[in-house]
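Heads up, the thing below is written out as structure tokens.
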2 protein chains.
Amino acid sequence: MSSPSSPARGRPARIDRERTVRTALDLLDRSGLDALTMRRLADAMDVQAGALYRYFATKQDLLAAMAERMMDGVVDAAAGTCGGDWSERLTALARAMRAALLSRRDGARVFAGTHSTGANMLGFADTVVGVMRAAGFPDDDAARALYTLANFTVGHTLEEQAALQGENDGPADPGLLADAVAGGTYAHLAAGLPALTSTDFTRLFEFGLNLIVEGLRARR
Amino acid sequence: MSSPSSPARGRPARIDRERTVRTALDLLDRSGLDALTMRRLADAMDVQAGALYRYFATKQDLLAAMAERMMDGVVDAAAGTCGGDWSERLTALARAMRAALLSRRDGARVFAGTHSTGANMLGFADTVVGVMRAAGFPDDDAARALYTLANFTVGHTLEEQAALQGENDGPADPGLLADAVAGGTYAHLAAGLPALTSTDFTRLFEFGLNLIVEGLRARR
DNA sequence: ACCTGAACACCGTTCAAGT
DNA sequence: ACCTGAACACCGTTCAAGT
């Protein structure tokens with residue numbers, strides 16, 4: 001079918017999409033997204049940068065394949081925790097997605113910057129919409145709930161991973177916010193400062209996720 | 001106070017933060033984030049790229065200033081639509097934030113990639129938390145609701161602007177999804193296809209926003 | 001068929017030196 | 001004090017040529 005593969009004619013390939021994506025995800029975990037360049041990835045595979053373009057049309061294409069692979073096993077992980085009603089299953093799916101993004105350095109940034117239509121992504125979407133439909137929601141609401149859940153999860157995890165990295169670069173975040181708040185106005189921020197600067201991101205995620213699920217319950 | 005400003009000694013400055021941010025936002029609207037380079041921005045200001053580093057420590061610093069400026073007027077715009085109870089005011093604030101991000105090309109990407117603690121950002125946060133506290137929510141919930149609202153809005157608008165751009169690059173999105181769905185599995189996606197591929201992003205945003213607000217109402 | 005080598009057209013950032 | 005000029009250390013991507 002495709003150019004690189006099929007009846008082994010000519011030289012055997014030294015790299016392929018599968019191994020390249022694996023190596024790229026390893027490099028991502030070690031060095032972060034900003035350090036993930038086509039040249040460094042090629043280096044890690046003992047190949048020249050240009051060789052990668054026989055398997056990925058662009059760097060974006062590679063990043064999409066990485067995002068697709070990050071979603072591997074998300075539906076199964078959520079199914080393991082299921083057994084409950086629609087709201088518990090939806091909650092489990094969103095938690096599994098956040099966990100998948102968190103499991104790799106800059107996972108949310110990779111995911112947010114790409115738009116894969118691979119089997120893992122479609123399988124996740126199909127499962128979420130399926131749970132909603134089985135619960136009796138109209139098809140339109142099921143589709144829109146998928147986007148709400150996914151967009152919230154990506155938005156939250158983007159923030160969470162940015163905060164985690166900012167921590168390692170020196171604790172600028174709590175200090176900056178506290179200083180700005182201390183300096184006069186922003187009475188409400190001052191009151192909410194403990195929760196505002198909390199690093200319990202799981203609790204923050206659960207709060208938002210619960211709002212969305214309860215919003216759905218009210219609509220049902 | 002700071003190095004570039006104060007008693008006009010030596011050469012008068014040909015550029016400053018204010019004009020640089022304005023020019024950068026213009027360039028963003030014309031060419032998009034990927035084309036916004038320090039060199040091109042310097043060109044647009046008839047200056048060498050290195051000169052920008054007297055006003056912004058890094059490109060990230062410039063992007064944060066751009067994000068902060070994008071939030072200018074958001075609280076006022078929401079106040080104009082206010083007059084209602086806490087849920088209407090929260091809704092107006094979230095809508096105003098989405099509108100601000102949508103008003104510039106790649107606005108959500110600029111915003112998501114930065115973490116400003118400027119007056120516009122803090123003012124927005126303070127207003128949201130203030131609305132929640134005035135409605136009788138505990139301080140913790142008020143702070144967490146701010147993050148839920150902001151993270152959902154950023155996540156949604158990121159998706160929305162990516163879809164709008166994908167449209168201009170050729171309508172790949174509906175075709176790809178439809179093809180994948182047509183090919184066998186994914187029965188639930190097939191059922192939800194109309195809503196899944198809809199380009200009515202305002203309706204999609206309102207759906208998610210309503211879920212969050214109703215979730216808050218249920219918790220109150 | 002698969003990969004190398006080398007190039008093209010760029011980047012962000014720094015800093016001595018000019019004015 | 002403010003900016004230029006030039007460099008440093010890179011980028012993503014392309015493509016003729018080798019094997």
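Chain letters run A, B, ... following the sequence lines, proteins first and then strands; every chain starts at 1.
Taking a cutoff of 4.0 Å between a charged side-chain nitrogen and a carboxylate oxygen, A/D29 and A/R104 qualify as a salt bridge.
Taking the C1' atom of each, C/dC8 and D/dC10 are spaced 15 Å apart, rounded to whole Å. Atom C1' of C/dC11 sits at a distance of 14 Å from the matching atom of D/dA7, rounded to the whole Å. Only the P atoms considered, C/dA9 is 23 Å distant from D/dA9, to the nearest whole Å.
Annotation: side-chain hydrogen bond (donor to acceptor under 3.5 Å, both in side chains) contacts of A/Q60 (sequence neighbours excluded): none. B/T202 pairs by the side-chain hydrogen bond (donor to acceptor under 3.5 Å, both in side chains) definition with B/R98, not counting sequence neighbours.
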Validation: residues 39-53 of chain B side-chain donor-acceptor distances under 3.5 Å, sequence neighbours left out:
residue : atom : partner : partner atom : Å
B/R40   : NE   : B/A35   : O            : 3.0

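Remark: C1' of D/dG12 and CG of B/D34 are 12 Å apart, rounded to the nearest angstrom. At whole-Å resolution of the value, CG in A/L52 and P in D/dC15 are 17 Å apart. In this entry the distance linking OH of A/Y53 with P of D/dG12 reads 6 Å, nearest Å.
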Watson-Crick and G-U pairing of DNA chain D written in dot-bracket, each distance under 3.5 angstrom, with | for inter-strand partners
||.|||||...|||||.||
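The side-chain heavy atoms of B/E159 and A/H115, taken from C-beta on, include a pair separated by under 4.5 Å. Side-chain contact between A/L62 and A/M38 is present, with heavy atoms from C-beta onward closer than 4.5 Å. The closest side-chain heavy-atom distance from B/L164 to B/E167 is below 4.5 Å.
Between the side chain of B/T114 and the main chain of B/S116, no donor-acceptor pair closer than 3.5 Å is present.
Within a 6.0 Å radius of CZ in A/R203, other residues, nucleotides and ligands contribute 12 heavy atoms or fewer.
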What's touching nucleotides 7-11 of chain D from the protein side, N or O pairs under 3.5 Å?
residue : atom : partner : partner atom : Å
D/dC11  : OP1  : A/T37   : OG1          : 3.2
D/dC11  : N4   : A/R39   : NH2          : 3.3

N/O to N/O distances under 3.5 Å, protein versus nucleotides 3-5 of chain D:
residue : atom : partner : partner atom : Å
D/dC3   : OP1  : B/R14   : N            : 2.3
D/dC3   : OP1  : B/I15   : N            : 3.2
D/dC3   : OP2  : B/Y55   : OH           : 2.8
D/dC3   : O3'  : B/R14   : NH1          : 3.0
D/dC3   : N4   : B/R54   : NH2          : 2.4
D/dT4   : OP2  : B/Q48   : N            : 2.7

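Listed here is the closest heavy atom pair of B/A24 and B/L36: O-CD1, 3.9 Å.
Just one residue in the list B/L211, B/N210, B/L204 forms a side-chain contact (heavy atoms from CB on, under 4.5 Å) with A/R144, and that residue is B/L204.
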